[in-house]
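Okay, so here's the structure we're looking at.
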Amino acid sequence: MEHGHQHEHSIERERECVIGVPIFQQLSDDQITSVAKVTRPIHADKGGTVFSAGEVSQTLYIVNQGQVRLYHLGDDGHEQVLRVLNPGDFVGEIALFTDEIHSSYAEATTTTELCTISRASLTALIKSLPPLALSLLGALAVRLKTAEKQATLLAIPDALPRLAGYLQELSSHRTGTFDLPMSKQDLAAYLGMTPESLSRKLKQLSTKGVLETVGRRQVKVINVAKLAELAPE
């Protein structure tokens, strides 16, 4: 069941959505139009549910505007953020191969526009557009690598090296300012920490001269060597 509100299909709006997705960027203009023709838009308000755990889905969801967070709910009710989807990101590709029963929840963190493609339409596109199949496989490989990195970080018992390892990867091992891809509350849940613990660890890194926090969503790495010393090998 899709919880977002469906909007009237507009080929130009859907072309805009498709063009912004990395897996479609190798396609020709005519091929982009073919994808757009089978794409349908949905809208989700801030805090709105896109899909819920336990629901069966046969849909690929692509974020056009806004942001969606994917999370698990533990037995104790605590959230574990799995991933945050920004414009161009997608979820639901497992529906290509089988009826997917969502194991996570998807919630819009701001007013969000998504594009959806049904399993039948996407399967037909892949059969007719071989470059799309290769792009999708590449994207899934990146997704698997990211999931493995998260699992490795979560296995670290100490929160400080866990955070340092994440920031080191996010900063591409360089000094400079970068945006956090999610809110600090979601980042804490992503790293298996409480928001209070995340704030303490960020302050600790600041005191050590490793970084500075700039506003609510930016971090400036000052000392790459010190960050590397604190990060796991």
Side-chain angles (χ1 to χ4, degrees), residues 1-53 55-71 81-102 104-143 146 179-183 186 217:
M1 177 181 175
E2 291 173 5
H3 298 267
H5 311 298
Q6 289 200 358
H7 279 182
E8 184 179 348
H9 181 55
S10 163
I11 193 68
E12 287 306 316
R13 175 191 286 175
E14 302 321 311
R15 274 182 56 84
E16 174 189 319
C17 184
V18 171
I19 289 171
V21 182
I23 62 171
F24 297 130
Q25 288 175 354
Q26 301 302 315
L27 302 181
S28 69
D29 193 63
D30 287 345
Q31 290 170 336
I32 290 287
T33 299
S34 296
V35 178
K37 285 179 178 177
V38 297
T39 302
R40 295 293 179 268
I42 61 172
H43 170 89
D45 294 324
K46 180 179 179 180
T49 299
V50 179
F51 59 75
S52 299
E55 294 179 352
V56 176
S57 173
Q58 295 186 340
T59 304
L60 182 76
Y61 298 87
I62 305 164
V63 178
N64 185 17
Q65 298 174 4
Q67 188 181 73
V68 173
R69 66 189 191 111
L70 304 179
Y71 65 94
V81 175
L82 306 173
R83 196 153 54 95
V84 170
L85 308 179
N86 291 298
D89 293 334
F90 61 90
V91 67
E93 64 282 350
I94 296 175
L96 268 175
F97 311 105
T98 182
D99 286 344
E100 178 183 10
I101 297 178
H102 291 298
S104 60
Y105 295 84
E107 177 189 273
T109 62
T110 184
T111 301
T112 299
E113 300 286 341
L114 302 102
C115 303
T116 65
I117 304 177
S118 71
R119 174 182 176 180
S121 295
L122 191 55
T123 300
L125 286 170
I126 287 175
K127 288 178 179 177
S128 63
L129 303 174
L132 178 56
L134 291 174
S135 293
L136 185 58
L137 286 172
L140 292 177
V142 171
R143 180 82 46 81
T146 301
D179 293 326
L180 294 173
M182 60 189 89
S183 68
D186 283 342
R217 293 284 290 264

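Basis for what follows: all heavy atoms, side chains included, without hydrogens, waters or symmetry-related copies.
Within a 6.0 Å radius of CD in Q26, no more than 12 heavy atoms belonging to other residues, nucleotides or ligands are found. Heavy atoms of other residues, nucleotides or ligands lying less than 6.0 angstrom from CG of L140 number more than 12.
No donor-acceptor distance shorter than 3.5 angstrom exists from the side chain of E113 to the backbone of V63, with no hydrogens or angles considered. Under a 3.5 Å cut-off, the side chain of T116 and the backbone N or O of R40 do form a donor-acceptor pair.
A heavy-atom distance below 4.5 Å is not found between the side chains of E107 and T112. Side-chain contact check for V38 versus E14: every heavy-atom pair is 4.5 Å or farther apart. Residues L85 and F90 form no side-chain contact, since every pair of their non-hydrogen atoms from C-beta on lies 4.5 Å or further apart. Taking the side chain as every heavy atom from C-beta outward, P181 and V84 never approach each other to under 4.5 Å.
Electrostatic pairing of R143 and D89 does not count as a salt bridge here, judged by no charged N lying under 4.0 Å from a carboxylate O.
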(message) Between D186 and Y71, is the side-chain contact (heavy atoms from CB on, under 4.5 Å) condition met? List the steps.
(response) CA-CA 9 Å; D186 283 342; Y71 65 94; over 6 Å; no
Original post:
Can you check side-chain contact (heavy atoms from CB on, under 4.5 Å) on F24 and L132, steps first, answer last?
Top reply: CA-CA 7 Å; F24 297 130; L132 178 56; 3.4 Å; yes
Could you walk me through whether V91 and F51 pass the side-chain contact (heavy atoms from CB on, under 4.5 Å) check? CA-CA 11 Å; V91 67; F51 59 75; 3.9 Å; yes
Inset, instruction - Could you walk me through whether Q65 and T111 pass the side-chain contact (heavy atoms from CB on, under 4.5 Å) test, one step at a time? - result: CA-CA 8 Å; Q65 298 174 4; T111 301; over 6 Å; no
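No side-chain donor from either of S183 and R217 sits under 3.5 Å from a side-chain acceptor of the other.
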